[in-house]
2 protein chains.
Amino acid sequence: MPAPELSPPQSSLPAAASRSGAYVLAEAAARARDIKGATGARPLAPPLPAPPPVDIPAVEVRTPSVDLERILRGPSGLGTASLRLARREERPTPPAPAEGNPIPGLYYHPVPEPDPVRVEEVSRRIKAWAGDEVDLYPEDWEDQFDGFSVGRYMVACHPDAPTVDHLMLATRLMVAENAVDDCYCEDHGGSPIGLGERLLLAHTALDPLYTTEEYQPRWAESLHSDAPRRAYRSAMEYFLQEASPSQADRFRHDMARLHMGYLAEAAWAQTDQVPEVWEYLAMRQFNNFRPCPTITDTVGGYELPADLHAQPAMQRVIALAGNATTIVNDLYSYTKELAAPGRHLNLPVVIAEREGLSDRDAYLKAVEVHNDLMHDFEAEAAAVADACPVPSVQRFLRGVAVWVDGNHYWHQTNTFRYSLPDFW
Amino acid sequence: MPAPELSPPQSSLPAAASRSGAYVLAEAAARARDIKGATGARPLAPPLPAPPPVDIPAVEVRTPSVDLERILRGPSGLGTASLRLARREERPTPPAPAEGNPIPGLYYHPVPEPDPVRVEEVSRRIKAWAGDEVDLYPEDWEDQFDGFSVGRYMVACHPDAPTVDHLMLATRLMVAENAVDDCYCEDHGGSPIGLGERLLLAHTALDPLYTTEEYQPRWAESLHSDAPRRAYRSAMEYFLQEASPSQADRFRHDMARLHMGYLAEAAWAQTDQVPEVWEYLAMRQFNNFRPCPTITDTVGGYELPADLHAQPAMQRVIALAGNATTIVNDLYSYTKELAAPGRHLNLPVVIAEREGLSDRDAYLKAVEVHNDLMHDFEAEAAAVADACPVPSVQRFLRGVAVWVDGNHYWHQTNTFRYSLPDFW
């Protein structure tokens with residue numbers, strides 16, 4: 001992919017690598033002080049073993065080496081094989097095999113079945129949270145909540161989470177994000193009319209209002225006034241117990257992007273307009289899974305330093321990963337969206353309309369777009385891993401790649417929600 | 001102001017202070033490497049004198065000491081008095097006195113007249129940029145562009161900018177932000193219909209799209225297709241030459257907030273709805289000047305480290321400063337907005353409508369809301385300055401405070417745009 005027009009003057013990767021050591025030291029020093037000080041509220045990163053030293057050869061940007069691919073997404077997540085084995089001894093029933101077929105021709109990586117003990121525990125806890133803590137949905141939505149299989153989803157995407165508590169951070173946020181999308185934008189009473197107001201007021205549950213004593217309490221009360229806001233508020237409160245301020249800032253930024261994406265999509269829905277393909281892809285870079293893989297370090301109990309996260313090369317990797325995972329959603333939800341009332345934009349629909357292709361050819365072209373994004377993601381991630389051999393960077397890149405694979409796994413196996421079109 | 005509900009678990013200020021020293025060291029080490037390395041594209045911070053060591057007494061949160069007030073906004077910006085004197089020798093004509101009256105009862109701080117040599121040079125260069133580089137406006141908008149007096153505005157807000165080149169970073173972005181607001185949202189053809197699409201596509205000039213080889217060029221071309229996008233693209237390109245990746249990320253985040261704020265306001269315009277006062281204040285925390293004061297360090301040629309910027313206490317200071325400056329805009333533009341077609345929401349209008357007050361009483365109450373926000377900003381900034389005696393933190397806080405004062409100065413003196421109501 002050509003370098004984007006805006007970023008050439010920024011620091012290059014070797015500079016990032018040379019800075020990172022100092023930052024790691026600074027962080028370690030600060031954490032050491034945190035342990036002693038009464039004010040250090042953040043727990044230490046859990047004592048996971050550091051990733052083994054690996055020999056990462058110099059690679060061509062578009063050709064990740066076999067070694068690096070293995071590092072980025074070996075069949076087992078870091079440290080999870082032993083966890084899983086230990087738990088399987090306690091509970092010897094083998095996991096149910098994954099159902100559903102992958103899309104023919106789709107470039108993806110299979111993942112091991114997610115640890116069934118963790119899946120069960122996360123599923124139990126998330127249902128209790130949704131019911132008891134945030135009163136998320138009326139009883140007749142329970143089937144749909146169960147069919148979402150969010151426990152299996154999050155365990156598959158975060159195999160290196162040190163504890164179930166860490167998995168719950170991701171799981172609550174994922175459920176809250178879906179509640180906002182469903183209730184404000186889509187299936188359950190959503191509408192493009194007034195969406196800008198609803199999303200902004202919900203966003204203040206993540207990025208708080210600071211105002212005068214007279215008006216502050218009314219805002220605080222508003223966060224309890226509907227299910228999406230209750231879910232955002234509570235999920236964020238838990239997240240802030242583990243995330244550093246910079247990790248929280250990163251998450252807020254990604255959520256602002258998501259909400260902007262919803263609003264662009266709503267603008268097209270309101271005017272019944274089909275955008276050009278590149279415009280759709282631009283919207284989809286914002287209305288995107290990005291807030292999910294980018295918390296992989298918080299869920300993993302470590303931190304990618306803010307200055308390394310902000311590097312243009314890392315931003316490119318994150319954007320490409322998010323775009324690939326999001327087109328996976330377009331492809332697997334294609335028949336579901338066709339069956340829903342109204343026209344629902346997704347990449348095959350937009351390609352068919354704007355490029356005059358048959359539904360089948362447009363779908364197959366969308367598969368190719370996805371595959372190109374995946375290859376670009378892997379090539380760029382390999383280049384970053386090569387240029388910046390810092391443990392938090394290596395682990396973050398691996399975490400994002402595992403998230404991408406877990407996301408595909410969930411879409412493939414979620415036959416309650418998704419089925420494939422008959423194009424082959 | 002009560003602590004916002006979401007932030008108690010985050011790190012406290014003393015922890016921030018203890019970390020900062022290590023970060024400053026890390027940054028210095030990284031910059032030292034940048035000088036030697038061929039890849040270090042960022043120039044060093046210009047050799048401004050460090051702020052003198054000051055004795056900052058412990059202060060009550062709501063009662064900043066006189067000393068600290070002086071530090072936060074003395075009558076002369078850091079290092080600018082000597083600059084100004086030197087330039088005045090070259091050009092002995094005294095600056096024109098500020099026109100316009102301040103709002104009676106408004107809590108504000110006067111600023112010295114901005115350096116007329118700088119004002120003239122910035123005004124000349126920004127007009128050349130708008131005309132020759134980004135083809136910003138048709139000829140008959142020239143009066144309006146001149147009446148905006150953006151050179152005087154930015155010189156007043158950034159007295160510590162080491163060079164006119166630094167001032168131009170802020171000036172281009174300010175003009176671009178106004179072009180987007182005018183052309184997409186307000187006076188010059190703006191509309192709530194389709195706004196979500198327009199803002200998102202313009203946002204990609206700040207936060208680039210990463211997509212496939214087939215579609216990437218069409219996106220790159222789109223950035224030249226209208227004045228707002230040309231302005232964003234070019235202003236950001238210049239900004240990236242000076243900003244660190246973390247400073248660029250901070251700016252993108254603040255611009256995403258701004259665009260969300262526009263979209264919430266547009267939602268109310270479309271449904272002709274007057275929000276509750278707290279809802280309006282929440283929207284106005286996003287549709288806000290925030291992206292302008294938060295680049296004060298880039299414009300000043302230094303960097304507030306990302307981890308200190310993200311601290312909850314610093315986020316609160318920034319939000320309060322942004323909210324105070326934004327209500328200043330509501331108050332000074334009140335008669336202009338009343339005279340414009342349609343109902344334009346601003347704080348006095350919303351208070352009058354929702355609280356059943358007369359126009360005059362609602363306006364005076366809005367002045368009190370502003371004053372409370374200003375006092376809270378100063379108290380919280382004093383607390384941060386006290387808890388975190390790190391040069392970049394002290395200078396950033398002073399830079400934000402000076403921006404707040406310069407913003408008031410510009411509103412007060414811009415009689416081309418603004419006049420006061422007859423309420424006293």
Side-chain angles (χ1 to χ4, degrees), chain A residues 4-6 9-12 14-15 18-19 22-23 26 29-30 33-34 39-42 194 196-197 200-201 204 208-212 215 218-220 236-237 240-241 245-246 249 253 256-257 259-260 263-264 266-267 271 277-278 281-283 285-286 306-307 310-311 316 319-320 369 372, chain B residues 4-6 9-12 14-15 18-19 22-23 26 29-30 33 39-42 194 196-197 200-201 204 208-212 215 218-220 236-237 240-241 245-246 249 253 256-257 259-260 263-264 266-267 271 277-278 281-283 285-286 306-307 310-312 316 319-320 369 372:
Chain A
E5 202 169 356
L6 290 175
Q10 296 205 5
S11 308
S12 63
S18 69
R19 281 188 190 203
Y23 271 94
R33 276 191 294 273
D34 273 359
T39 57
R42 274 200 84 205
E197 174 200 6
L200 185 137
L201 295 180
T204 66
L209 175 64
Y210 298 97
T211 195
T212 64
Y215 297 111
R218 303 186 198 184
W219 163 74
M236 189 69 181
E237 190 173 47
L240 290 176
Q241 290 172 19
S246 290
D249 193 60
H253 187 176
R257 287 184 172 106
H259 293 150
M260 283 185 66
L263 288 161
T271 54
V277 177
W278 73 264
L281 290 167
M283 180 279 288
Q285 182 170 299
F286 289 75
D307 284 339
Q311 290 296 321
R316 184 181 301 132
L320 288 167
V369 169
D372 287 350
Chain B
E5 201 168 0
L6 290 174
Q10 297 206 1
S11 308
S12 63
S18 69
R19 282 188 189 202
Y23 270 94
R33 275 191 294 274
T39 56
R42 273 200 86 205
E197 173 202 6
L200 185 137
L201 295 180
T204 66
L209 175 64
Y210 297 97
T211 193
T212 64
Y215 297 110
R218 302 186 199 185
W219 163 74
M236 189 69 180
E237 190 174 47
L240 290 175
Q241 289 173 18
S246 288
D249 193 59
H253 187 176
R257 288 185 171 106
H259 293 150
M260 284 185 65
L263 288 162
T271 54
V277 177
W278 73 264
L281 290 167
M283 180 279 289
Q285 182 169 300
F286 288 75
D307 284 340
Q311 289 296 322
R316 183 181 303 132
L320 288 167
V369 169
D372 287 350

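These figures come from a predicted structure and were not determined experimentally. Labels below follow one simple rule: chain letters A, B, ... track the order of the sequence lines, proteins then strands, and each chain is numbered from 1.
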* Just jot down the side-chain contact (heavy atoms from CB on, under 4.5 Å) partners of B:A319, sequence neighbours excluded, or say none. => A:Y210, B:Q285, B:R290
* side-chain contact (heavy atoms from CB on, under 4.5 Å) against A:A264, all qualifying residues, sequence neighbours excluded -> A:M283, B:L200
If you take all heavy atoms of [X] and [Y], which pair is closest and at what distance?
{"X": "B:P245", "Y": "A:A310", "answer": "CB-O, 3.4 Å"}
{"X": "B:W278", "Y": "A:Y215", "answer": "CB-O, 3.9 Å"}
{"X": "B:M260", "Y": "A:M260", "answer": "CG-CG, 4.1 Å"}
{"X": "B:L209", "Y": "A:A282", "answer": "CD1-CA, 3.7 Å"}

* From B:L263 CG over to A:L263 CG, what is the distance, rounded to the nearest 0.5 angstrom? -> 5.0 Å
* Asked: Could you state the interatomic distance from CG (B:D249) to CG (A:D249), rounded to the nearest 0.5 Å?
  -> 7.5 Å
* Asked: Any side-chain heavy atom of B:T204 within less than 4.5 Å of one from A:F286?
  -> yes
* Asked: Do you know which of B:S246, B:G194, B:A256 has the most heavy-atom pairs with chain A at a distance under 4.5 angstrom?
  -> B:S246
* Asked: Taking every heavy-atom pair that is under 4.5 Å apart, which of B:V369, B:T271, B:L201 has the most such pairs with chain A?
  -> B:L201
* Asked: Do A:T212 and B:D372 have side-chain atoms, one donor and one acceptor, less than 3.5 Å apart?
  -> no
